[in-house]
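Step one of this worksheet: look at the structure below.
Since we're looking at a predicted model, the values are computed, not measured. Just so you know, ligand 1 is whichever comes first in the structure, and atom 1 is the first atom listed for that ligand. For the single chain, residues carry numbers from 1 onward in sequence order.
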Amino acid sequence: MQELMLDKTHDETRQGEAFSPIENQGKTYHKHFYIESYGCAMNFADSEVIASILQKENIGCTNQAEKADLILINTCSIREKAEEKIRKRLTELRQYKRSNPGLIIGILGCMAERLKGNLLEEEKLVDLVVGPDAYRTLPSLIEEAETGQKAINVLLSRDETYADISPIRLNSNGINAFVSIMRGCNNMCSFCVVPFTRGRERSRSAVSIIAECEALFNEGYREVTLLGQNVDSYHWRDEETGTVVTFAELMEKVALISPLLRVRFSTSHPKDITDDVLFTMKKYDNICNYIHLPVQSGSTRMLQMMNRTYSREWYISKVNRIKEILPDCGISTDMITGFCTETEEDHQESMSLMEYCKYDLAYMYFYSERPGTLAARRFKDDVPLAIKKRRLQEMVDLHRIHSHESMKRDVGKTFKVLIEGNSKKNENEFHGRNDQNKVIVFPKLNYKKGDYVMVKVHDCTPGTLIGNIIE
Ligand code: SAM
Ligand code: SF4
Ligand code: F3S
């Protein structure tokens, strides 16, 4: 159950999306792969790295599974439901083996890392299993799989960042792009499987990040989202000069590429976001005033058990600081209901925190125990499912009121909007987003995708602002 998906960056339950071969035009390949991606933006960005690795081997992308020699599923393990969905999808995809016995089916990403050889041996669902740090070995693994061997590489790395690989943009609107700036996570939140599926945190070279963002700008892209599980702990040391680049400095370097390039980032851990980051956001108009600041719970007792390393009060002071430095900043969050031992009082603390923060956007989930995590080893998953779901529903209902209020507050205001494409409902209208990440639809006039326009809002729905361009 999720609310108002305005921003795909944080939506871990994104359905599998098949990618279009936009880069294939005019080229012929001796084989084709079909890829579906699930999970967070980092997985989607990884699929673009994978496409680049395969294209170098003369394997082009197709968006028709029935025409593929190789079907790849880039997977997510964050909640049990995410894995169930992928298992179901793999069973469906196996039908293509009947018409194409040589077809190779591979599982990539977090579920591949978590379940390793089980998927090959016990469940016999796939021919190829490749973890997030092993994509460079895909070509040789594919060769192995083609000879009928079960091919697997789930080694995690301490230094792989795929820095030198230029991702092939898939399903792109040519305006917005994700740029991975780091991999892994060192935080060990007790509920979370990511440190196990993605390994230790490491930062990608700032030089390669800037080069990728410059290339994107020169190709016509107008917005980059810098991605990491915990972007504020970005820390890269140039071995040649000994200079260290922090996240605030990296963001500044990207912002300086051009005032026409918008910069967004995700995700910020409340414990790591610094005043430096906030002041850098204030200094540059093209760094968007929007922070995804997941809190997870409003109860300090829960936060301690979750190993989030901050209290309710500390988080509130961080939100206050953001509002002090960036009064117009949009703030969103992630919330979990029904974590181990959560009482009705704890739940009410989450509700009252939401009441205090009045988030513009919230991604809410009920707790799903993940094998091997600290919580699974230490605590009992003792809140009945019906209660987890009831609390989630209450939270979703409360957030709906807040997000609608936040939309209504914008009626009458004028925003700078980057045009991202046609509105889904009306081809005479464009859609774009304002600085605070809210979606706005408006009549096209004579503008085009990639232009910046000033839009005055005259109405809203709970998820969208509606306006007109002011010339
Ligand atoms: N790194 C980010 C952070 O620190 O918030 C996001 C991590 S995770 C990919 C996205 C969200 O999934 C988390 O913020 C959390 O709310 C949710 N999540 C993670 N593990 C979960 C679990 N076991 N059950 C339910 N939700 C979970
Ligand atoms: Fe998971 Fe916590 Fe790392 Fe986010 S910061 S990925 S929730 S361990
Ligand atoms: Fe899922 Fe892995 Fe992302 S578990 S949320 S795809 S890091």
query: Does Cys40 bring an N, O or S atom to within less than 2.8 Å of atom 3 (Fe) of ligand 3?
result: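 So Cys40 does bind atom 3 (Fe) of ligand 3 by this criterion.
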
At under 4.0 Å between heavy atoms, which part of [X] makes contact with ligand 1: side chain, backbone, both or neither?
| X | value |
| --- | --- |
| Val193 | neither |
| Glu369 | neither |
| Gln229 | both |
| Arg308 | side chain |
| Phe191 | both |
| Phe366 | backbone |

Do [X] and [Y] meet the criterion of a side-chain donor-acceptor pair at a distance under 3.5 Å?
| X | Y | answer |
| --- | --- | --- |
| Arg136 | Ser157 | no |
| Asn320 | Glu324 | no |
| Tyr162 | Ser52 | no |
| Asp272 | Asn230 | yes |
| Arg198 | Asn43 | yes |
| Arg301 | Thr341 | yes |

I need the nearest protein heavy-atom contact for [atom]: residue, atom name and distance, please.
| atom | value |
| --- | --- |
| atom 3 (Fe) of ligand 2 | Cys185 SG, 2.3 Å |
| atom 6 (S) of ligand 2 | Gln229 OE1, 3.5 Å |
| atom 1 (Fe) of ligand 2 | Cys192 SG, 2.3 Å |
| atom 5 (S) of ligand 2 | Asn187 ND2, 3.3 Å |

Return the minimal non-hydrogen interatomic distance between [X] and [Y], and the atom names on each side.
| X | Y | result |
| --- | --- | --- |
| Ile273 | Ser268 | CD1-OG, 3.9 Å |
| Tyr234 | Ile209 | OH-CD1, 3.7 Å |
| Met305 | Phe379 | O-CE1, 3.4 Å |

Identity of the nearest option to atom 7 (S) of ligand 2, non-hydrogen atoms only, from Arg308, Met306, Met42: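 Minimum heavy-atom distance to atom 7 (S) of ligand 2 goes to Arg308.
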
query: Taking atom 5 (O) of ligand 1 as the point of reference, which of Ala362, Ser266, Pro294, Cys189 owns the nearest heavy atom?
result: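 The option holding the nearest heavy atom is Pro294.
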
message: Could you check whether any side-chain heavy atom of Phe178 comes within less than 4.5 Å of a side-chain heavy atom of Asp46, counting everything from C-beta outward?
response: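 Not in contact.
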
query: How about Asn437 and His292: do any of their side-chain heavy atoms sit closer than 4.5 Å?
result: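 Contact flag for Asn437/His292 side chains = no.
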
- prompt: Which of the numbered atoms in ligand 1 are below 4.0 angstrom from a heavy atom of Arg370?
  reply: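 By the 4.0 Å cutoff, the relevant atoms are 23 (N).
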
message: Whether Arg391 and Asp346 form a salt bridge (side-chain N of Lys/Arg under 4.0 Å from carboxylate O of Asp/Glu) is what I want to check.
response: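 Arg391 and Asp346: not salt-bridged.
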
Counting both backbone and side chain atoms, is some N or O of [X] under 3.5 Å from an N or O of ligand 1?
| X | answer |
| --- | --- |
| Tyr365 | no |
| His269 | no |
| Tyr367 | no |

Please confirm whether [X] comes under 4.0 Å of ligand 3, counting heavy atoms of the residue only.
| X | result |
| --- | --- |
| Gly109 | no |
| Met42 | no |
| Met111 | no |

So, the side chain of [X] versus the backbone of [Y]: is there a donor-acceptor pair under 3.5 Å, distance only?
| X | Y | answer |
| --- | --- | --- |
| Tyr135 | Gly109 | yes |
| Ser37 | Ser47 | no |
| Arg433 | Ile440 | no |

- prompt: Quick one: does ligand 2 sit under 4.0 Å from the side chain of Cys189, the backbone, both or neither, non-hydrogen atoms only?
  reply: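 For Cys189, backbone and side-chain atoms both sit under 4.0 Å from ligand 2.
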
message: Once you restrict to heavy atoms under 4.0 Å, what part of Pro294 touches ligand 2? Side chain, backbone, both or neither.
response: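 The answer is neither; Pro294 stays 4.0 Å or more away.
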
Run the numbers for me: atoms of ligand 3, each under 4.0 Å from some heavy atom of [X], listed by number.
| X | result |
| --- | --- |
| Gln229 | 7 (S) |
| Arg198 | 7 (S) |
| Asn43 | 6 (S) |
| Cys110 | 2 (Fe), 4 (S), 6 (S), 7 (S) |
| Cys76 | 1 (Fe), 4 (S), 5 (S), 6 (S) |
| Ser77 | 1 (Fe), 4 (S) |

- prompt: Non-hydrogen atoms of Lys388 versus ligand 1: any pair closer than 4.0 Å?
  reply: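 So Lys388 does not count as touching ligand 1.
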
query: Does ligand 1 have any atom that is closer than 4.0 Å to a heavy atom of Ile78?
result: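 So Ile78 counts as touching ligand 1.
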
task: In sequence, state the C-alpha distance, the side-chain angles, and the governing distance for Asn307 and Ser190, and then conclude on side-chain hydrogen bond (donor to acceptor under 3.5 Å, both in side chains).
output: CA-CA 6 Å; Asn307 202 20; Ser190 64; over 6 Å; no

message: Just checking Arg377: does its CZ atom have more than 12 heavy atoms from other residues, nucleotides or ligands closer to it than 6.0 angstrom?
response: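 Check passes, neighbour count above 12.
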
- request: Using a cut-off of strictly less than 2.8 Å, determine whether His269 has an N/O/S atom near atom 2 (Fe) of ligand 2.
  value: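 It does not; every qualifying atom lies at 2.8 Å or beyond.
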
- request: Step by step, work out the side chain to side chain contact (heavy atoms under 4.5 Å, CB included) result for Asn118 and Leu120.
  value: CA-CA 5 Å; Asn118 290 359; Leu120 286 171; over 6 Å; no

message: Only heavy atoms of Pro195, strictly under 4.0 Å: list the atoms of ligand 2 that pass.
response: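 Selected atoms, number and element: 8 (S).
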
